[in-house]
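Every heavy atom of this structure was used, including side-chain atoms; hydrogens, water molecules and symmetry mates were not. Read the numbers this way: they start at 1 and go in the same order the structure lists the ligands and their atoms.
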Amino acid sequence: MRILIINGPNLNLLGHREPQWYGNTSFEVFLEELKSRFVQIHLEYFQSNSEGALIDYLHQHGPSADGIVINGGAYAHTSIALADALAAVGRPAVEVHISNVFAREAYRHHSYLATRCIGCIIGLGLEGYALAIEYLLRHQAARSGKVQT
Ligand code: DQA
């Protein structure tokens, strides 16, 4: 099983950036923890501050992935193009936001990506990524007839 974890703009600054919203842990450190929690699956991580690079990555790596965990950062609220790329790839995807975007500015309340995802995990911190992976595992098992989601 191969799952892509895709982070959008400014998420390379996790651990330093606005810790009141995003905590004190860098994604690189958290990724190592994720890998040790999910040794049975191949986790592939990509982060970019560029919308085009995120789209290109999805085009290239998305079609062969079993699932996608995506935190588009601010592009979630603005990018029809990134949402179209998710739709084009057509793989099971879960959207994550570390902070509770509904407790923040109104412009963060809408996500173009959400319409292209099975569901969204919002405001549960970095743990949201682990929950998204767990869901995608169950989703794939259900599709192969092993368990129910
Ligand atoms: C975010 C929420 C977005 O509104 C913001 O632009 C981010 C991070 C989150 O994970 O909480 O960059 O996606």
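Remark: among candidates P9, S99, G125, the nearest residue to atom 11 (O) of ligand 1 is S99, based on non-hydrogen atoms.
In this pair, H61 and Y57 present their aromatic rings parallel. The plane angle is below 30°, not in the 30 to 60° band.
The residue N10 has no part lying near ligand 1, judged by heavy-atom distances below 4.0 Å.
For the pair R37 and E33, the salt-bridge criterion is met [side-chain N within less than 4.0 Å of a carboxylate O].
For ligand 1, the polar-atom distance check against R104 finds no nitrogen or oxygen pair separated by under 3.5 Å. Below 3.5 Å of separation, one finds an N or O of A74 facing an N or O of ligand 1. Any N or O atom pair closer than 3.5 Å counts here, and H97 shares at least one such pair with ligand 1. Every N/O-N/O distance between V96 and ligand 1 stays at or above 3.5 Å.
Residue R91 holds its CZ atom at 10.0 Å from CZ of R2, rounded to the nearest 0.5 Å.
Atom 9 (C) of ligand 1 has as its closest protein heavy atom I98 N, 3.3 Å. Of the protein's non-hydrogen atoms, R108 NH1, 3.3 Å is the one closest to atom 5 (C) of ligand 1. Distance from atom 4 (O) of ligand 1 to its nearest protein heavy atom, with residue and atom name: H77 NE2, 2.7 Å. Of all protein heavy atoms, the one closest to atom 12 (O) of ligand 1 is R17 NH2, 3.0 Å.
The aromatic ring centres of Y129 and F27 sit less than 6.0 Å apart. Ring to ring, H77 and Y107 are not that close: their centroids are 6.0 angstrom or more apart.
For V101, the heavy-atom gap to ligand 1 drops under 4.0 angstrom. Under the 4.0 angstrom criterion for non-hydrogen atoms, Y22 is in contact with ligand 1. Between E105 and ligand 1 there is no heavy-atom distance shorter than 4.0 Å.
Side-chain contact between C120 and H97: absent, with no pair of heavy atoms (C-beta onward) separated by less than 4.5 Å.
Applying the side chain to side chain contact (heavy atoms under 4.5 Å, CB included) test between I80 and each of T78, L82, D84 identifies D84 as the sole match.
Counting only N and O atoms by type, the side chains of E51 and N49 include no donor and acceptor under 3.5 Å apart.
By the criterion of side-chain heavy atoms lying less than 4.5 angstrom apart, applied directly or through intervening Ile, Leu, Val, Met, Phe, Trp or Tyr residues, L86 is not grouped with I118; the two fall into different hydrophobic clusters.
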